[in-house]
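Throughout, numbering of the chain's residues begins at 1 and tracks the sequence.
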Amino acid sequence: MFLVMEYVDDENKLAQKYRKLFKLIDNAKYIVFFTGAGISTAAQIPDFRGEHGLNKNPLNIAKMGISERDLDCKMPTYAHCAISHLILNFDKFKFITTSNHDGLHQKSGTPWEATANIFGTAYIEECLTCHKQHIRKVIVPALHRICKAPNCGGKLKKTGVRYGQKVPIEPLKMAEESADKSDLVLVLGSSMTTSPFCQLPQLAKNFVICNRQATPYDKDATICIHDNVDNFMERVVKHFDSKKEITFNYEQDFSIFEREDKVVLTTPRPDEPAVFVDEAYLMSRSGSGHHTFEHLLNGEFVLDRFLLEEHVEYIVNIEFKPAFEVPASEVTFVLGSVTKGKLEKRVHFK
């Protein structure tokens with residue numbers, strides 16, 4: 001069993017290793033990223049085996065499922081956004097295989113079709129009857145919902161799997177095929193102890209590991225760099241695009257409308273409640289008639305319609321969850337209309 005000790009190579013070693021890495025990248029034609037939990041620790045998502053990993057406390061392991069509720073508030077790291085930039089703008093960067101459920105590669109702009117979520121994801125649910133997959137912008141609930149595909153009505157199941165459960169076939173196939181085509185795999189932030197993820201990079205002609213811990217595959221890697229993943233990706237981006245400033249834009253739409261005897265605040269997408277909203281209240285322009293929306297278990301915010309008057313313009317104040325660190329939004333609403341709004345977050349990495 002490996003002792004979990006995190007460290008970074010000294011500057012001389014790093015300089016030598018990065019020179020070798022850039023030669024490999026320059027000569028490669030098909031580069032694939034393999035990302036583990038270490039790429040998301042800068043987003044305050046704990047890894048499993050790190051110095052502060054979940055396995056240090058049995059209570060943390062028991063709470064792993066509960067922590068998924070917070071994923072909607074987590075934003076991509078520099079490394080996620082840098083990988084997205086390279087895949088979208090440089091032809092040699094082809095694909096990502098990730099062991100993470102957090103959906104941060106997609107939040108950063110990487111297309112779903114360029115990613116193999118080898119252990120599933122908290123943002124896709126699949127029908128157990130027709131096998132249609134539904135991609136969501138907010139986390140999929142644990143309870144089974146009903147597939148709305150024509151003539152189906154089957155149960156939807158979240159695709160994320162737990163330790164010991166069967167790996168989804170299609171993502172595994174995509175991961176194997178991309179690694180087999182690759183002349184260079186870059187493994188970022190993985191302890192390389194979970195199968196089959198840890199075996200796949202060896203299918204490539206060369207594979208490089210960047211991790212702050214020793215892994216069982218260090219001796220087999222073409223290069224093993226002990227460094228922070230964000231620092232690794234910053235150096236790679238500068239090698240290709242020295243003046244590029246990595247940025248990130250995150251948006252979530254919401255709508256306010258009438259449904260039967262209620263005024264409802266939710267997203268415009270079916271089965272995707274406004275989980276990013278913390279609280280909402282409404283008052284008339286004159287300042288009278290202050291009413292707070294009730295937050296239902298299904299994630300919607302509702303208000304009794306009879307509390308409002310016809311032809312009166314109301315101000316709706318929407319406070320987003322504090323983790324987003326964005327100001328509240330103020331929109332207007334009149335009975336008989338639909339009001340649209342948006343949570344917007346802009347990040348400029350320095």
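When ring centroids are compared, F349 and Y78 come within the 6.0 Å threshold. A ring-centre distance under 6.0 Å is not found for Y281 and F293. Aromatic rings from F93 and F33 are positioned such that their centres are separated by under 6.0 Å.
Within the structure, ring-ring contact (aromatic ring centres under 6.0 Å, His included) pairs that include any residue of residues 256-278 do not occur (at least two apart or interchain).
Between the side chains of Q106 and T115, a donor-acceptor pair is found at a separation under 3.5 Å. Side chains of N117 and Y123: no donor on one and acceptor on the other come within 3.5 Å.
A side chain to side chain contact (heavy atoms under 4.5 Å, CB included) with T159 holds for exactly one of E126, H101, E170; it is E126. Checked options K132, Q133, H134, R145; the residue passing with E125 is R145 (criterion: side-chain hydrogen bond (donor to acceptor under 3.5 Å, both in side chains)).
Residues H85 and I246 form a side-chain contact, since some pair of their non-hydrogen atoms from C-beta on lies under 4.5 Å apart. Counting heavy atoms from C-beta on, the side chains of V208 and V185 never come closer than 4.5 Å.
In terms of the side chain to side chain donor-acceptor pair (under 3.5 Å) criterion, D10 has no residue partners (sequence neighbours excluded).
Put simply, OG1 on T121 and CZ on F119 are 13.0 Å apart, with the number rounded to the nearest 0.5 Å.
Using bins of under 30°, 30° to 60° and over 60° for the plane-to-plane angle, the ring pair F320/F254 lands in the tilted bin.
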